[in-house]
Amino acid sequence: MPPFPDVHPPVCPPLPLLTGQKALVTGASSGIGKAVALELGRAGADVCVNYSSKEEPALEVVRELEAMGRTAFAFKADVAQESEVLAMFAAVRDRFGDLDILVNNAGLQQDAPLDEMTTAQWQKVIDVNLTGQFLCAREAVKEFKRHGVRPKLSCAAGKIICMSSVHEVIPWAGHVNYAASKGGVMLLMKSIAQEVAPHRIRVNSIAPGAIQTPINKAAWDTPEHYNALLKLIPYKRIGEPEEVGRLAAFLASDYADYVHGTTVFIDGGMTLYPGFETGG
Ligand code: BGC
């Protein structure tokens with residue numbers, strides 16, 4: 001264990017950076033997506049809480065947002081299915097009118113050694129993590145181009161944040177489908193960013209490292225696993241979903257208006273080659 005307590009940062013009072021803006025967060029019923037939805041809400045945004053299977057946790061996020069005084073609703077859609085994505089964007093139009101922020105968060109892992117990975121495992125991860133981001137970004141860009149910049153709300157016509165991973169650059173044995181999907185997200189994001197910048201649409205990625213969520217429970221659920229995980233993190237603690245949520249709120253806001261086409265890593269230094277901590 002590190003020679004200091006496992007101190008996590010305080011939750012700072014939010015700035016009303018996103019007042020009046022409308023956001024869609026995919027995969028928002030748990031983990032990082034839930035925290036992003038809540039932090040966007042704290043920053044003033046109304047939120048469509050997308051979920052793929054379990055309604056009750058999504059409704060709980062909606063209730064939390066409403067308790068903050070926000071307008072929110074839950075919408076069930078599998079982001080890998082074009083017809084469901086189209087229905088979701090139609091619902092956002094009906095309920096919110098305009099859309100200002102898309103957080104392309106929905107993602108999953110289906111891990112297996114390469115020689116045991118089924119085509120179904122490969123395809124599922126690519127479909128949700130990569131095709132899902134393409135479909136939602138495409139529909140969001142149509143919305144953003146339709147309404148253009150509304151200066152009272154934001155300097156940009158719209159903002160897209162793609163949830164990537166440190167595995168957009170760190171190869172990951174036993175997870176080739178996931179790493180390939182996140183590597184794909186990196187150039188999907190950058191190519192969209194290059195294409196839509198003249199429309200004042202901002203596009204960026206967040207690349208989290210180890211964040212304490214259900215997706216990686218096996219990496220932190222026992223002291224042994226947690227200590228093994230810390231070897232990969234120079235900052236010697238796991239991240240909290242709220243930290244990613246606050247970064248998303250910043251990136252979606254005009255404070256980040258000149259941040260475009262880039263990936264912000266939030267990983268306690270996981271991408272710093274921690275194996276070299278003690279020399280090469
Ligand atoms: C994965 C987690 C993993 C983390 C760091 C994330 O993208 O979803 O399971 O703990 O990367 O390896």
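Counting from 1, the numbers follow the sequence of the chain as shown. Both counts, for ligands and for their atoms, begin at 1 and track the order of listing.
Each of the following atoms of ligand 1 lies closer than 4.0 Å to a heavy atom of M270: 5 (C). When each atom of ligand 1 is checked for a heavy atom of S165 under 4.0 Å away, the hits are 6 (C), 7 (O), 11 (O).
Using a cut-off of 4.0 Å between Lys/Arg side-chain N and Asp/Glu carboxylate O, D98 and R93 are scored as not salt-bridged. The existence of a salt bridge linking R138 and E82 is confirmed by a sub-4.0 Å separation between a basic side-chain nitrogen and an acidic carboxylate oxygen.
For ligand 1, none of its N or O atoms has an N or O atom of W172 under 3.5 Å away. For ligand 1, none of its N or O atoms has an N or O atom of S164 under 3.5 Å away.
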Report task. Run the numbers on F75 and Y51 for ring pair (Phe, Tyr, Trp, His ring centres under 6.0 Å), then give the verdict. Result -> CA-CA 6 Å; F75 195 90; Y51 67 101; 8.2 Å; no
Requested in this report: Test S181 against N129 for side chain to side chain donor-acceptor pair (under 3.5 Å), laying out the working first.
Outcome: CA-CA 6 Å; S181 74; N129 295 13; 3.2 Å; yes
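The stretch residues 215-231 participates, sequence neighbours left out, in no salt bridge (Lys or Arg N to Asp or Glu O under 4.0 Å) pair at all.
Of all protein heavy atoms, the one closest to atom 12 (O) of ligand 1 is H167 NE2, 2.7 Å.
With R202 contributing its side chain and L251 its backbone, the two residues share a donor-acceptor pair below 3.5 Å. Of the possible donor and acceptor atoms, one in the side chain of N105 sits under 3.5 Å from a partner among the backbone N and O of G27.
Of the candidates L229, D267, V166, N216, it is N216 that places a heavy atom closest to atom 10 (O) of ligand 1.
Counting heavy atoms under 4.0 Å from ligand 1, residue Q109 touches it through the side chain alone.
Not a single heavy atom of K182 sits under 4.0 Å from any atom of ligand 1. Heavy-atom separations between G209 and ligand 1 include at least one value shorter than 4.0 Å.
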